[in-house]
J.: 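Below: one structure in structure tokens.
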There are 2 protein chains.
Amino acid sequence: MSSPADDPLPPHPLSAGRSRPPRARRSLSREAIVTQALAILDAEGLDAVSMRRVADALGTGPASLYAHVANKEELLELLIDRVMSVVVVPPPDPERWQEQIKQLMRDGRDALAAHRDIARANMGVVPIGPNAIRIAEGMLAILRTAGVPKRVAALAADTLSLYIVAHAYEGTLWEKRLEGEGAHYAERLHDYFSSLPPDRFPHLSSMAAELIGDTDDGEERFEFGLDILVAGVDAAAKRAR
Amino acid sequence: MSSPADDPLPPHPLSAGRSRPPRARRSLSREAIVTQALAILDAEGLDAVSMRRVADALGTGPASLYAHVANKEELLELLIDRVMSVVVVPPPDPERWQEQIKQLMRDGRDALAAHRDIARANMGVVPIGPNAIRIAEGMLAILRTAGVPKRVAALAADTLSLYIVAHAYEGTLWEKRLEGEGAHYAERLHDYFSSLPPDRFPHLSSMAAELIGDTDDGEERFEFGLDILVAGVDAAAKRAR
DNA sequence: ACCTGAACACCGTTCAAGT
DNA sequence: ACCTGAACACCGTTCAAGT
């Protein structure tokens, strides 16, 4: 998960005697800090990504990071943008706009899901990094090219982004419960719903199976939301025209 | 914002000489702890709700709380359930199910919005308290009575709940930015989008006004999502039948 | 300009000891 | 059974001092 281009290299042997740049080697950089934060995120999860842990992994103290990032919030914004860099946006095709929107949303969800509970950090942030705006531009391009009015497209982009992040976050929570409380977590939840008094909770008690679903129905739940949202945007666009 | 019924009362004068219950007065209780946590939440926000602050406000140390709540997560779950207690669920009316769902979602959003950034805590939790299951039962009752199939109703309840919490949380973030960076935050964001190079970001740069909206268009954004989601559930239900 | 050690003001949780 | 003081192992951030 390391990004070799970001690692500081040892001095190149052929440049040994040559004139050095005026200031000594910069052992830290934004890139190196974000790369190290990503490694910790992937290995141990978001809670392990502290200024102290990142600094420690870089062989320095937490105060040193503040020469390169304003604070932890900025570090997390940079980390999110790094994670989002893998999402590619397609050239808009008005004939297939609904499928293009869905695929972009799946890709965004996958990018977040590939890095533990990074989605939790994304919840608390107005994403404004280079990749965030690149993806937002791509989503707006698909909607506008398909004839969705400006205001509807803007509202839709907002709602769709919210759904991606919220669903990715919900998925990590589910995983956390499963690993934390053993594989019987879903089973215990199912039993709890089933055991509710049917006179007061007729629906909850009889719908335990549907509410819990399989252990691995996150994909179906995500697609259900995708269908609903994209169909809703289509309807809103037609209404607005 | 205090709930007098939860405050420990001084000994009643008429009961002065009577036989006391076997153990000394219990100065702490779940109810008192949650009430104090709610007061701190309302006064200073979620970040101020720490075990130490709550204990301090109750005149004791943090360790004392652990006799009544398992950990901070449980305290936050109890707090969320307290906040949700104001939401009332209507008797299902199949003729008006879409409006009933929307109103229930507005009420849930309002309950969260009335207590600072409590929505952030709600993001990280599978709500299972008495009020959470009461509201879930009410939502499922509306959907099922209107003829929505079980599986669709279960998926819809999940997606709708996610939207309520995610939108409430997004709203608190916006407020935090506005108060933290002054009223010019929206203006600066608008200028940033406008200033993006139009050749690379034609849509973002030309849609700044639509994307930022008025300072107070949270209500419109929420209603937009409500329309889309409820219409989408209706379509999915019809497809499934 | 960049980096550092040390400190400040906090966290959640545990545990032995008290009543 | 309930409560407590003290400690453990952490946090993010600041600041004077170094180079």
Side-chain angles (χ1 to χ4, degrees), chain A residues 6-8 11 20-37 40-41 43-80 117 120-121 124-125 176 180-181, chain B residues 6-8 11 20-37 40-41 43-80 117 120-121 124-125 176 180-181:
Chain A
D6 293 318
D7 290 331
R20 303 297 234 87
R23 64 163 127 57
R25 71 184 171 87
R26 300 153 94 264
S27 56
L28 291 179
S29 69
R30 277 178 162 242
E31 288 301 304
I33 290 169
V34 173
T35 298
Q36 199 56 250
I40 295 172
L41 168 69
E44 301 178 48
L46 186 63
D47 281 336
V49 181
S50 68
M51 300 299 272
R52 292 176 127 89
R53 288 276 278 106
V54 173
D56 207 56
L58 290 164
T60 182
S64 303
L65 306 185
Y66 287 85
H68 299 89
V69 295
N71 46 37
K72 190 182 179 183
E73 189 179 343
E74 188 179 59
L75 172 54
L76 290 180
E77 284 178 29
L78 293 169
L79 187 54
I80 289 162
D117 46 353
R120 192 173 81 227
V125 140
K176 199 177 76 175
E181 317 201 26
Chain B
D6 293 319
D7 291 331
R20 303 298 234 87
R23 64 165 127 55
R25 70 183 171 87
R26 299 151 95 264
S27 55
L28 290 179
S29 69
R30 279 180 162 239
E31 288 300 304
I33 290 169
V34 173
T35 297
Q36 198 56 249
I40 295 171
L41 168 69
E44 301 178 48
L46 186 63
D47 281 337
V49 181
S50 69
M51 300 299 272
R52 291 177 127 89
R53 289 277 278 106
V54 173
D56 207 56
L58 291 164
T60 183
S64 302
L65 305 185
Y66 287 85
H68 299 89
V69 295
N71 47 38
K72 188 182 180 182
E73 189 179 343
E74 189 180 59
L75 172 53
L76 290 180
E77 284 178 30
L78 293 169
L79 187 55
I80 289 161
D117 47 353
R120 191 173 79 227
V125 139
K176 199 176 76 177
E181 316 200 28

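The chains referred to below are lettered A, B, ... by the order of the sequence lines, with proteins before strands, and numbering in each begins at 1.
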J.: Let me know the distance between CE of M51(A) and P of dC11(D), rounded to the nearest Å.
T.: 12 Å
J.: First locate atom CZ of R53(A), then atom CD of Q36(A), and finally report the distance between them rounded to the nearest 0.5 Å.
T.: 9.0 Å
J.: Roughly how far apart, to the nearest Å, are dA9(D) and dC10(C) at atom P?
T.: 22 Å
J.: Below 4.0 angstrom from OP1 or OP2 of dC3(D), is there any side-chain N or O of T60(B)?
T.: no
J.: Answer whether the closest heavy-atom distance between the side chains of M51(B) and N71(B) falls below 4.5 Å.
T.: no
J.: Specify the residue among N71(B) and P62(A) whose closest nucleotide of DNA chain C lies further upstream toward the 5′ end.
T.: P62(A)
J.: What is the minimum heavy-atom distance between I40(A) and A57(A), and which atoms define it?
T.: CD1-CB, 4.3 Å
J.: Write down the distance between CD1 (I33(B)) and C1' (dC2(D)), rounded to a whole number of angstrom.
T.: 11 Å
J.: Looking at the side chain of A67(B), which of dC2(D), dC15(C), dT13(C) is the nearest nucleotide?
T.: dC2(D)
J.: Please figure out whether A70(A) or R52(B) has its closest DNA chain D nucleotide nearer the 5' end.
T.: R52(B)
J.: Classify S50(B) by what it touches in the nucleic acid, base, sugar-phosphate, or nothing, heavy-atom distance under 4.0 Å.
T.: sugar-phosphate
J.: Given atom CG of L65(A) and atom C1' of dC11(D), what is their separation to the nearest angstrom?
T.: 14 Å
J.: Can you check the D47(A) CG to dG12(C) P distance for me, whole Å?
T.: 13 Å
J.: Counting a pair only when it is Watson-Crick or G-U and both distances are under 3.5 Å, which runs of at least 3 such pairs involve DNA chain C?
T.: C:4-8 with D:12-16, C:12-16 with D:4-8
J.: I would like to know whether R30(B) and E74(B) meet side chain to side chain contact (heavy atoms under 4.5 Å, CB included); could you show each step before the answer?
T.: CA-CA 11 Å; R30(B) 279 180 162 239; E74(B) 189 180 59; 3.3 Å; yes
J.: Write down the distance between CZ (R30(A)) and P (dC2(C)), rounded to a whole number of angstrom.
T.: 12 Å
J.: In whole Å, I'd like the distance from the CZ atom of R53(A) to the C1' atom of dC11(D).
T.: 13 Å
J.: Under a 4.0 Å N-O cut-off, is there an ion pair linking D47(A) with R120(A)?
T.: yes
J.: Using atom CG of D56(A) as one end and atom C1' of dC3(C) as the other, report the distance to the nearest whole Å.
T.: 16 Å
J.: Between dG5(D) atom P and Y66(B) atom OH, what is the distance in whole Å?
T.: 16 Å
J.: Measuring to OP1 and OP2 of dC3(D), would you say a side-chain N or O of H68(B) lies under 4.0 angstrom away?
T.: yes
J.: Could you state the interatomic distance from CD1 (I33(A)) to CG (L78(A)), rounded to the nearest 0.5 Å?
T.: 9.0 Å
J.: Okay, side chain of T35(A), backbone of E31(A): is any donor-acceptor separation there less than 3.5 Å?
T.: yes
